[in-house]
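Here's the structure we're looking at; comments come further down.
Below, all heavy atoms of this structure are taken into account, side chains as well, without hydrogens, waters or symmetry copies. Whatever order the structure lists ligands and atoms in, that order sets their numbers, starting from 1.
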Amino acid sequence: MKAMLLISAVALAAGVASAAAEDVTVGLIVPMTGPFASTGKQEKAAVELYMAQHGDKVAGKTIKLVVKDDTAAPDITKRLAQELVANDHAVALMGFGITPTAFAAAPIATEAKVPEIVTAAATAVITQKSPYIVRTSFTLPQASAPMADWAAKNGIKKVVTIVTDYGPGADAQKWFASTFKKDGGAIVEEIRVPLKNPDFAPFLQRVKDDKPDAVFVFVPSGAGAQFMKEFVEQGLGKAGIKLIGTGDVTDDDQVNGMGDAALGVVTTHHYSADHDSPENKAFVAAFEKANGFRPNFMAVAGYDGMALFYHALEATKGDTSGPALIAAMKGAKWTSPRGPVEIDPETRDIVQNIYVRKVEKKNGQLYNVEFETIPMVKDPFKAAKK
Ligand code: VNL
């Protein structure tokens, strides 16, 4: 009797130990509160959808998702990344709503040799901050240069650019301007608006006096509705000034609430909830059913970030070491809801289609309707540095 008890206790302990050894933690660090909360909401919903659809077992491991709210404050991101690696033994960190938070986690990814899968932040230079960074979102040069080409080909000659004053805004401004000038266009003025508590009205008043053909805008996801409201209030549309930009301004999380003022706005981006493919139709339907709201470009990047992690763990046959996972992520190719994608093995950035889209009404709802495709665009910032 005593011996049997002993055996079962040992078996139980071994069972518990082996079950624990099979668990693999992925830390999702996103802003769930504050001005960028919509990004956290979208990313969390998409990562959870991916796991619900594909199960939590990969190569003999059980994936455990731990979601942390960094409020988009880099010092909090850094602490959470440290805790996830040291206490939860996270084998991958994901998310990073804005560029400064992606930067904040980079030294921890490098030191701990843990992949940092950036599924939101989009300043070009981010992937150069650590050899452990891989990105499934996009880069601002990748989205901005095609907008300039389209504008130049479509009768737009004079443009004022207006961007949020930090990394991605600087990238958007620089790559729109250099491409547009190369195409023969003129930049009348370059305006930068603060990241915190932006008030676009005084700047837009100035733009009206410049009388450009178009305003090119980049604001981060979550700020588009306010920009659009002030663009209308300042009467720029009525003055015949077109609005163009990267798709962040007509974000699927907000576009339907913008009203008819948004109709006709042309943007370039890598994802629209309206993208016409079987993969996207299935993704949008499942996402809306689970959450009651439409997925945006942050959601698709979170979904693909988890897809990339599952792929890598499968490829390493369950080896969770950072170098093995990163090696497996380089060159990965799959069909995303956004279209075909590939992780550039040299830069660890995503190569993807950029679509030209126009806001239109479909079944009574506003969507970014794609009408032109620039296939498999690499981040031009890194291509130019070679
Ligand atoms: C960033 C770029 C953030 C694009 C965004 O939304 C965005 C960034 C929060 O790199 O900080 O739409």
**Study point:** Protein residue, atom and distance nearest to atom 10 (O) of ligand 1, heavy-atom basis
**Key:** Thr99 OG1, 2.5 Å
Practice item. If the plane angle is over 60° it's perpendicular, under 30° parallel, otherwise tilted; pick one for Tyr166 and Phe218. Key: tilted
Point to revise | Salt-bridge contact Lys281-Asp276 (side-chain N to carboxylate O under 4.0 Å) | key: yes
Check your understanding: For ligand 1, which atoms, with element, lie under 4.0 Å from some heavy atom of Ala122?
Key -> 2 (C), 8 (C), 10 (O)
Practice item. Mark up the atoms of ligand 1 that fall under 4.0 Å of a heavy atom belonging to Phe297, in ascending order. Key: 12 (O)
Review point. Should you measure from each heavy atom of Phe36, which atoms of ligand 1 turn up under 4.0 Å away?
Key: 9 (C)
Exercise for review: Would you check the N or O atoms of Phe218, main chain and side chain alike, for any that come under 3.5 Å of an N or O of ligand 1?
Suggested key: no
Practice item. Could you tell me how the ring of Phe287 sits relative to the ring of Phe283: parallel (under 30°), tilted (30 to 60°) or perpendicular (over 60°)? Key: tilted
Practice item. Classify the side-chain pair Gln234/Glu230 by whether it contains a donor and acceptor separated by less than 3.5 Å. Key: no
Practice item. Within a distance under 4.0 Å of any heavy atom of Thr123, pick out the atoms of ligand 1 and give their elements. Key: 10 (O)
Review point. So which protein heavy atom does atom 6 (O) of ligand 1 come closest to, and at what separation?
Key: Ser221 N, 3.0 Å
Check your understanding: Just checking, Arg294 and Tyr367: is the charged tip under 6.0 Å from the six-membered ring centre and within 45° of the axis?
Key -> yes
Review point. Contact between Gly97 and ligand 1, counting heavy atoms under 4.0 Å?
Key: yes
Review point. Strictly by modelled atom types, are Lys382 and Thr127 linked by a side-chain donor-acceptor pair under 3.5 Å?
Key: yes
Practice item. Give the numbers and elements of all ligand 1 atoms closer than 4.0 Å to a heavy atom of Ala121. Key: 8 (C), 10 (O)
Exercise for review: Considering the heavy atoms of Met298, write down every atom of ligand 1 situated less than 4.0 Å from one of them.
Suggested key: 5 (C), 6 (O), 7 (C), 9 (C), 12 (O)
Check your understanding: Side chains of Glu43 and Thr119: is there a donor and an acceptor less than 3.5 Å apart?
Key -> yes
Check your understanding: Where does Pro168 meet ligand 1, judged by heavy-atom distances below 4.0 Å: at the side chain, the backbone, both, or neither?
Key -> side chain
Practice item. Please confirm whether Thr39 comes within less than 3.5 Å of ligand 1 when only nitrogen or oxygen atoms on both sides are compared. Key: no
Check your understanding: How close does the nearest protein non-hydrogen atom get to atom 12 (O) of ligand 1, and which residue and atom is it?
Key -> Asp248 OD2, 2.6 Å
Exercise for review: Measure the distance from atom 1 (C) of ligand 1 to every protein heavy atom, then report the residue, atom name and distance (to 0.1 Å) of the closest one.
Suggested key: Tyr166 OH, 3.5 Å
Exercise for review: Taking atom CD of Gln53 as the centre, report whether more than 12 heavy atoms of other residues, nucleotides or ligands fall under 6.0 Å from it.
Suggested key: yes
Review point. Relative to the ring of Phe297, is the ring of His269 parallel (under 30°), tilted (30 to 60°) or perpendicular (over 60°)?
Key: perpendicular
